[in-house]
Amino acid sequence: FARAIRNVPHLTVVTNSVPVAQLLHESGAGGHVVVLTGGVRTPSDALVGPVAVSALQGLHVDRLFLGAHGIDRNAGLTTPNLVEAETNQALVRASRSVCVLADHTKFGIVGLSTFMPLREVDTLITDAGMPRRARAVLEETVEHLVLAEVPPALPAVRGVRRQGGGEAG
């Protein structure tokens, strides 16, 4: 998502993601303001915990875009990390509107901690691989369900290697 918005001019972005902050900073497009929350770094380079939660208090964000470890009709949006759940709750509280970005494999997964009920999601963007029954649940629960087209696989880039030695795609 950050790659898709990096050239949109005059955005103010509040994030707890180190890679997102770095990408938007490096893009240099149209005067971005990037607010990085601070906090304890997770393996996925998110900043979480009391410092991040404190940084979010008093902020007001028009639209929050976030992912989830799992999405379940009863459990809602979940994560296996309790400190991440607390930080996600603070992000949600700071936002007027919540847009969840999650592929179909997240549906039916329940992590340790719920950070948001499914009925409070304004928009959920997923892929067309979402099973019909799951689509029906989402259509009746979230305000807007968007099924995105999945682009064809990108060809491998010759000479570029990922960690672990595989070709980059």
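One-based numbering along the sequence shown.
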Under a 4.5 Å cut-off applied to non-hydrogen side-chain atoms, are [X] and [Y] in contact?
{"X": "Val121", "Y": "Leu77", "value": "yes"}
{"X": "Val33", "Y": "Leu11", "value": "no"}
{"X": "Leu147", "Y": "Asp127", "value": "no"}

What's the spacing between [X] [atom1] and [Y] [atom2] if we round to 0.5 Å?
{"X": "Glu140", "Y": "Leu145", "atom1": "CD", "atom2": "CG", "result": "11.5 Å"}
{"X": "Ser17", "Y": "Leu23", "atom1": "OG", "atom2": "CG", "result": "9.0 Å"}
{"X": "Thr79", "Y": "Gln89", "atom1": "OG1", "atom2": "CD", "result": "10.5 Å"}
{"X": "Leu59", "Y": "Thr12", "atom1": "CG", "atom2": "OG1", "result": "11.0 Å"}
{"X": "Glu143", "Y": "Asp122", "atom1": "CD", "atom2": "CG", "result": "5.5 Å"}

**OP:** I would like to know whether Leu118 and Asp72 meet side-chain contact (heavy atoms from CB on, under 4.5 Å); could you show each step before the answer?
**Re:** CA-CA 8 Å; Leu118 191 55; Asp72 182 77; over 6 Å; no
Original post:
Looking only at heavy atoms, what is the nearest atom pair of Leu47 and Gly39, with distance?
Top reply: CD2-O, 3.7 Å
Original post:
Which heavy-atom pair separates Phe115 from Gly67 by the least distance, and what is that distance?
Top reply: CZ-O, 3.8 Å
Subject >> Positive for side chain to side chain contact (heavy atoms under 4.5 Å, CB included) with Val35, one of Val61, Val14, Val13, Thr15 >> reply: Val14
Would you find a donor on one side and an acceptor on the other, under 3.5 Å apart, between the side chain of [X] and the backbone of [Y]?
{"X": "Ser95", "Y": "Val98", "result": "no"}
{"X": "Arg119", "Y": "Thr141", "result": "no"}
{"X": "Arg93", "Y": "Gln57", "result": "no"}
{"X": "Thr78", "Y": "Gly111", "result": "yes"}
{"X": "Ser54", "Y": "Pro50", "result": "no"}
{"X": "Thr126", "Y": "Ala102", "result": "yes"}
{"X": "Asp45", "Y": "Val18", "result": "no"}
{"X": "Ser97", "Y": "Arg63", "result": "no"}

Original post:
Among side-chain atoms of Asp103 and Thr105, is any donor-acceptor pair under 3.5 angstrom?
Top reply: yes
Between [X] and [Y], is there a shared hydrophobic cluster once you connect ILVMFWY residues whose side-chain heavy atoms come closer than 4.5 Å?
{"X": "Leu101", "Y": "Leu24", "answer": "yes"}
{"X": "Leu91", "Y": "Val48", "answer": "no"}
{"X": "Ile109", "Y": "Leu82", "answer": "no"}
{"X": "Leu56", "Y": "Val92", "answer": "yes"}
{"X": "Leu64", "Y": "Val8", "answer": "no"}

**OP:** Please collect all ring pair (Phe, Tyr, Trp, His ring centres under 6.0 Å) contacts where either partner lies in residues 34-87, sequence neighbours excluded, each pair once.
**Re:** Phe1-Phe65
**OP:** Please report the C-alpha distance between Leu124 and His144 in whole Å, then the side-chain angles of each, then the deciding distance to 0.1 Å, and finally whether the side-chain contact (heavy atoms from CB on, under 4.5 Å) criterion is met.
**Re:** CA-CA 6 Å; Leu124 191 143; His144 302 286; over 6 Å; no
